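Shown next, in structure tokens, is the structure this report addresses.
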Amino acid sequence: MRSRARDTRGPLCHVNSSGARCYGARDGISFPYAQALADDRHGGLWIGSTTGLSHWKAGTSTSYLPEKLAHADGSTGVEALALAADGLLLVGIGQSGVGMGIQTITGGEWKPFTMPGENSSILRVAAILDDRDGGVWISTQDAGIYHVHAGRTDRFRQIDGLSSDTVTGLFEDREGNIWAVTPRGIDHFRDIAVGTVSRREGLVADSVASVLSERSGELRVANGNDLVSLLAGRLSFTDRESGLPGNSVTSQLEGHAGRLWLGIDTAMEVLQNGHFRSVRRADGGATGMVTGLAEDTEQNIWALVIQRRQQLLRIRDFQIVQSIPLPDPAQGGALTADRDKGVWLRHVSGSFTRYRGGDVKTWQAPAGSGTLRNLITGVDGSVWAAATKGLIRLKDGKSAKLDHRNGLPCDGIFALIFDVSGSLWLYAECGLVEISSTELERWWAHPEATLAVRTLDILDGAQPGATPFAPAATRSPDGRLWFTNDNVLQFVDPQKMRLNSIPPPIRIEQIVADGARYCRGRRCTCRR
């Protein structure tokens, strides 16, 4: 492709081992030079110039010369071409306005390219790239990069970390990474395994106290002074002005009847069919701040609350029927239902207590477990605890601790949850750690075993942290796992997680053997 050529050889040249041959007007190409080129996938080529577009094949061509471009200043025209996955030709024009920006050719007619939430005609396009996942990347001369994918448009500018709002080139490498060229450097985009939902994605504040997925698929997020709902990719908000009976949601639970049990400020509320109902003490007072909730198999609701001192409340038919003082305190996520009857509580001191009717039984965690942060129940009735010094399992009266000696990349764990395949995911200080059910059972049978685990760290998008309320982790019906670090919401989809399996190229520069250094097979010469 030749641009601004001063001879008459033509704008298109074919280069092979025999040499180069250029094609021009005598071959059916009407433009004197070209600045954009695309394969039509049928043996022909699309050629862009300052005045329009031409489709050339086997010596014949058809030109498309939009009137708007013909009357433009002539300094820029069709700067970029790309054939999308569905066969639609995208034409990027370096000028903005009606009929400019990004256009498509359909039945010989120019039409604006549809960009959800954006006006494609206002862009001054520099480059277009259709990626292997069916997305379209659009770089502009002054407005950063637009990424159109899955029915949405994302924008990246200098204020988002891009090195410049002027982006002159785009490239996708063999690993699926996208590279963008700007006057100030080269920017790198890659698909990370752990996604983040923050204020940029629509949350109201950098504060996420708890997250709960309902059976319907609706995700509830305790976000600042709002209860945020995420359903089918859309956010909706409930605050004090729109009916929330308080300022801040703490803990959440969906009961068997589909009711949403919420700690709000220092009280407990139940949301059903859009209406809130308060749960009060016998004297009419509030329950106290709710830091954990669970429902047992007998449909009792259990609440871990703080009112002067910590208490465990049992609630039935919206009435508090039992109040248990806790001289040995527990943290917010340290409450989970037993698979048979009652609930489990894990105390800061390191003991587990099971409350089952009038029966109270206590087990000690392994020595050196540290402080508990979260508690869940497995499908087999095991109780699993995330602690500051490892992962703890209690089953059939036996407890054991899994930590770095068994292959964990770090010991500090904030939250934990099982995925649909039975693998356990740990939201840990060093990232998001996956342990398969097979490896977990191997460790249980052989406590000294070193396990094979998978870790997603900061480079994969993980930003672990702790929250004082529950749930800190939840699983939605589509299989995605959601976590809160008290600031933002994070998620991972174990079923659709794409990891890079292409090994990096390796070049051996030097080998050291018996105290001697060898460079490319020879003893190295010392340089001073």
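Owing to the predicted nature of the structure, the values given are computational and were not obtained by experimental measurement.
- Residues Glu429 and Phe414 are in side-chain contact: their nearest non-hydrogen atoms beyond the backbone lie under 4.5 Å apart.
- Counting heavy atoms from C-beta on, the side chains of Asp130 and Leu90 never come closer than 4.5 Å.
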*asked:* Run the salt bridge (charged side-chain N to carboxylate O under 4.0 Å, His left out) test on Asp142 and Arg124 for me, step by step, so that the C-alpha distance in whole Å, both residues' side-chain angles and the decisive distance to 0.1 Å come before the verdict.
replied: CA-CA 7 Å; Asp142 53 10; Arg124 298 173 61 214; 3.0 Å; yes
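- Ring geometry for Trp137 against His147 counts as parallel: the plane angle stays under 30°, on a 0 to 90° scale with 60° as the upper cut.
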*Could you give me the CA-CA distance, side-chain angles and deciding distance for Phe156 and Phe189, then say whether ring pair (Phe, Tyr, Trp, His ring centres under 6.0 Å) is met?*
CA-CA 10 Å; Phe156 305 95; Phe189 294 83; 5.0 Å; yes
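- In this model, a donor atom of one side chain and an acceptor atom of the other lie less than 3.5 Å apart for Thr196 and Gln490.
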*Go through the steps to decide whether His149 and Asp131 satisfy the test side chain to side chain donor-acceptor pair (under 3.5 Å), and finish with yes or no.*
CA-CA 10 Å; His149 64 112; Asp131 66 28; over 6 Å; no
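- Thr388 places no side-chain N or O within donor-acceptor distance of the main-chain N or O of Gly412, the cut-off being under 3.5 Å.
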*Go through the steps to decide whether Asp457 and Thr455 satisfy the test side chain to side chain donor-acceptor pair (under 3.5 Å), and finish with yes or no.*
CA-CA 6 Å; Asp457 59 20; Thr455 304; over 6 Å; no
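- The residues Lys389 and Asp403 are annotated as not salt-bridged, no charged nitrogen and carboxylate oxygen being separated by less than 4.0 angstrom.
- A distance-only check finds no donor-acceptor pair linking the side chain of Trp56 to the backbone of Ser63 [under 3.5 Å].
- For the pair Arg480 and Phe491, the distance from NZ or CZ to the six-membered ring centre is under 6.0 Å and the angle to the ring normal is within 45 degrees.
- Judged purely by distance below 3.5 Å, without hydrogens or angles, the side chains of Ser163 and Thr182 pair a donor atom with an acceptor atom.
- Between Phe418 and Val379 there is no side-chain heavy-atom pair separated by less than 4.5 Å.
- At a cut-off of 3.5 Å, with distance as the only test, a side-chain donor of Asn247 or Arg240 sits close to an acceptor on the other residue.
- Salt-bridge check for Asp160 with Arg155: failed, with every basic side-chain N at 4.0 Å or more from each acidic carboxylate O.
- Between Lys57 and Asp40 there is no salt bridge, since no side-chain nitrogen of the basic residue lies less than 4.0 Å from a carboxylate oxygen of the acidic one.
- Using a 4.0 Å cut-off between charged side-chain N and carboxylate O, Arg199 and Glu201 make no salt bridge.
- By the 4.0 Å N-to-carboxylate-O rule, Arg132 lies too far from Asp173 to be salt-bridged with it.
- Environment of NE2 in His188: crowded, with over 12 heavy atoms of neighbouring residues, nucleotides or ligands closer than 6.0 Å.
- For the side chain to side chain contact (heavy atoms under 4.5 Å, CB included) criterion with Trp384, the lone passing option out of Leu402, Leu426, Leu391 is Leu391.
- A donor and an acceptor atom, one from each side chain of Tyr64 and Glu109, are nowhere located under 3.5 Å apart.
- Taking CG of Leu212 as the start and CD of Glu218 as the end, the distance is 10.0 Å to the nearest 0.5 Å.
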